[in-house]
Protein chains: 2
Amino acid sequence: MIESEWSIIESINKRINLTGLSLPDDLIAGSGDDCAVFKVSDSRFGLFTTDISIESTHFTINTTSPENIGFKAMMGNISDIASMGGFPRFAFISIGIPGYLNSDYIHSIYKGMIEAANISGAVIAGGDTSSSEILVLNICLYGETDTDPLMRNSARSGETICVTGTTGDSKAGLEILLSSNQYENKDFSNLIKKHQRPVSRLDIIPAIIKKFSPTSMIDVSDGLLSDLRHICTASRKGFSLCKEKIPLSDELVEYCKKNASDPFLYALESGEEYEIIFTTAVSPDKIKKNFSNILPVTSIGKITDNNYVLSENGKESLVQIKGFDHFKKK
Amino acid sequence: MIESEWSIIESINKRINLTGLSLPDDLIAGSGDDCAVFKVSDSRFGLFTTDISIESTHFTINTTSPENIGFKAMMGNISDIASMGGFPRFAFISIGIPGYLNSDYIHSIYKGMIEAANISGAVIAGGDTSSSEILVLNICLYGETDTDPLMRNSARSGETICVTGTTGDSKAGLEILLSSNQYENKDFSNLIKKHQRPVSRLDIIPAIIKKFSPTSMIDVSDGLLSDLRHICTASRKGFSLCKEKIPLSDELVEYCKKNASDPFLYALESGEEYEIIFTTAVSPDKIKKNFSNILPVTSIGKITDNNYVLSENGKESLVQIKGFDHFKKK
């Protein structure tokens, strides 16, 4: 039995570093960011990301449609490429198919993957097909960028922390789906959609790069707090986050009102949102001035020398962050 | 339940072609060869391959050591890159880990993968780790070549068909391992080794390219007959294969003598050999003259306009080829 996801990843990386060949000069980043980065030429970078989706671990076939399994799996990879400032190009799909699924079901998974790929400009360029005892889907996505890749490790103290759109909806959407409350289903269609069909922010990242020259960037896949910590760990910095500045959707506020729960807890912890967190030297005032429906970017705090601080109406407290751990899920 | 591996792959590819975005010009080959090929620049090509290994389908943890699971999974991908004339560069590993395996076991899988990667010059540059109900290992390998990639679709009538080394040993090795005959275990260590630790022909492919200017190339992963058919299907050609010319190892001949079986059946059908089949305009005489322990290349037949023909001492017969099908395994 594996103790924790992070401990096994850390020890495997140690083994790779100790016993594998030394990394070539053109591999700028290996494990540890959203993508591996290699320098194709002076102004061209190749980006690689891979994600595995496994039945019972990442989804159950009773609660997720095959189209959504495919869509989310592809979009997760697309979001990784997007959050480095890249555009997705070629996807490679490995699928393990159990005997209890028929070819219509498999086609629906591909329908979802192709829909997500088409939105992003990626094409499916190869793969591997096998039988399996459970449904397994692995996507490896190659992308490129002609500007410097936006890494996690280059946030600087004093910089503004920004987030796109709103976060929290995906977690609420999942709750509604699991609760089978039909009334809420109808009322909170956007929350449900955000859980079932999150879309990467490829639509606005080029504008963000142009307007705000981000120094670091990450997509919200684990949760706002957890992913912001990834930036701070890699950059050896801290953060000070202003809770009341975190943008919330109207539906999330409404949902939390009904359930007497704190919408900010959803916004801070909800994963698979595929919104973008970035840091920038641009001041909060200028960020605010640029906010629009087309460019929904909100400043929510600043990078500090150390510590993870959350403030609420001027009252500061240190935060403990629990990242999602597959091996501690159950 | 899926009818057959080839039918589901064909129908999925049809869907991708019909509903996906059109392929960009720089993607020279997608599905259908050992690797997808994209043109990086005029004299530089990127190669992608991916292979999934799933417990109970590709291996069982009772009969295969974790080192060998990792080694074979990595070597299968390396062989795909090698058989396009490329050199492997970056590997991306996804692993799904069941609760009944501990971290030592997982480290042993990585030990095997790193060993195979080190032989070939590849580095592990990223991946994804998850829990799972069964052990799942997916490797996506990126490689490059600065010469034209050796595709399957360019064999021409009259050309010589060549194979490297000997084939058949892997199938015999597996039989010995499953039979638990200790006497044979000791006597046939090379057969067992070829099954457990097949090595790609990266060692001699550069020399083959230089000496024989191959027109098409494939690695023996499904079996000599089946993989030769892949070349012929893609090139819209036939073959005439001379059975007695197919090279056999001494141990295979000895093993088949003991078991009163036909060694050529092993040589024609054994998969995961990672020897190379290629076609060339060079004549059989010149191939023979170049044969050495360092460059073990044997001509075994020629490409024809159509039909798959096997000759034995001058007597010709048409052959039926059954490719390996994961969905019909049991």
Side-chain angles (χ1 to χ4, degrees), chain A residues 1-3 5 8-9 11-12 15-16 19-21 23-24 27 30-31 35-36 38 40-41 48-52 54 56-58 89-90 92 94-97 99-100 102-103 106-107 110-111 114 117-118 121 123-134 136 138 140 142 326-327 329, chain B residues 1-3 5 8-9 11-12 15-16 19-21 23-24 27 30-31 35-36 38 40-41 48-52 54 56-58 89-90 92 94-97 99-100 102-103 106-107 110-111 114 117-118 121 123-134 136 138 140 142 326-327 329:
Chain A
M1 175 117 193
I2 302 299
E3 281 303 301
E5 189 171 346
I8 187 76
I9 290 175
S11 70
I12 287 170
R15 171 177 288 275
I16 292 170
T19 62
L21 300 178
L23 301 183
L27 186 72
S31 311
C35 299
F38 94 108
V40 178
S41 64
F48 295 94
T49 185
T50 192
D51 265 312
I52 194 161
I54 304 176
S56 298
T57 301
H58 298 88
R89 299 216 59 205
F90 310 128
F92 303 91
S94 299
I95 188 164
I97 307 172
Y100 48 81
N102 62 23
S103 67
I106 302 306
H107 271 268
Y110 274 82
K111 188 164 176 270
I114 292 168
N118 286 358
V123 295
I124 297 175
D128 191 18
T129 309
S130 172
S131 64
S132 175
E133 286 174 3
I134 53 174
V136 180
N138 191 86
C140 184
Y142 173 75
H326 278 125
F327 294 94
K329 201 177 160 192
Chain B
M1 173 117 190
I2 302 298
E3 282 302 303
E5 189 171 344
I8 187 76
I9 291 175
S11 69
I12 287 170
R15 171 177 288 275
I16 293 170
T19 62
L21 300 178
L23 301 183
L27 186 71
S31 310
C35 299
F38 94 109
V40 179
S41 64
F48 295 95
T49 186
T50 191
D51 265 312
I52 194 161
I54 304 175
S56 297
T57 301
H58 298 88
R89 299 214 61 205
F90 310 128
F92 303 91
S94 299
I95 189 164
I97 307 171
Y100 48 82
N102 62 22
S103 67
I106 302 308
H107 270 269
Y110 275 82
K111 187 164 177 271
I114 292 168
N118 286 358
V123 295
I124 297 175
D128 191 18
T129 309
S130 172
S131 64
S132 175
E133 286 174 2
I134 54 174
V136 180
N138 190 85
C140 185
Y142 173 74
H326 278 125
F327 294 95
K329 201 177 159 193

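Convention: sequence-line order gives letters A, B, ...; per-chain numbering from 1.
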Please work out whether the ring planes of A/Tyr142 and B/Phe38 are parallel, tilted or perpendicular, with thresholds of 30° and 60°. tilted
Select one option (side chain, backbone, both, neither) describing which atoms of B/Ile124 are under 4.5 Å from chain A's heavy atoms. both
Over all heavy atoms of both residues, which pair between A/Leu27 and B/Ala125 is shortest? Give the atoms and the distance, please. CD2-CB, 3.9 Å
Chain B contact via A/Val136 - side chain, backbone, both or neither, heavy atoms under 4.5 Å: side chain
B/Arg15 and A/Ile114 have their tightest heavy-atom pair at CG-CD1, 3.7 Å
If we ignore hydrogens and angles and just use 3.5 Å, is the side chain of B/Asn138 paired with the main-chain N or O of A/Cys140 as donor and acceptor? no
Value for CG (A/Asp128) from OG1 (B/Thr50), rounded to nearest 0.5 Å, stands at 6.5 Å
Which region of B/Ile52, side chain (C-beta onward) or backbone (N, CA, C, O), has a non-hydrogen atom less than 4.5 Å from a non-hydrogen atom of chain A, or is it both or neither? both
4.5 Å side-chain heavy-atom contact, B/Ile134 and A/Ser132: yes
Given that the side chain runs from C-beta out, which part of B/Val123 has a heavy atom under 4.5 Å from chain A: side chain, backbone, both or neither? side chain
What's the shortest heavy-atom distance between B/Leu21 and A/Ala117, and which atoms? CD1-O, 4.3 Å
Side chain, backbone, both or neither: which part of B/Ile54 has a non-hydrogen atom closer than 4.5 Å to chain A? side chain
Pair count under 4.5 Å, heavy atoms only, with chain B: among A/Asn102, A/Ile12, A/Ile95, highest is A/Ile12
Determine the minimum heavy-atom distance between B/Ser130 and A/Thr57, stating which atoms define it. OG-CG2, 3.4 Å
Is chain A contacted by the side chain of B/Thr49, its backbone, both, or neither, given a heavy-atom distance below 4.5 Å? neither
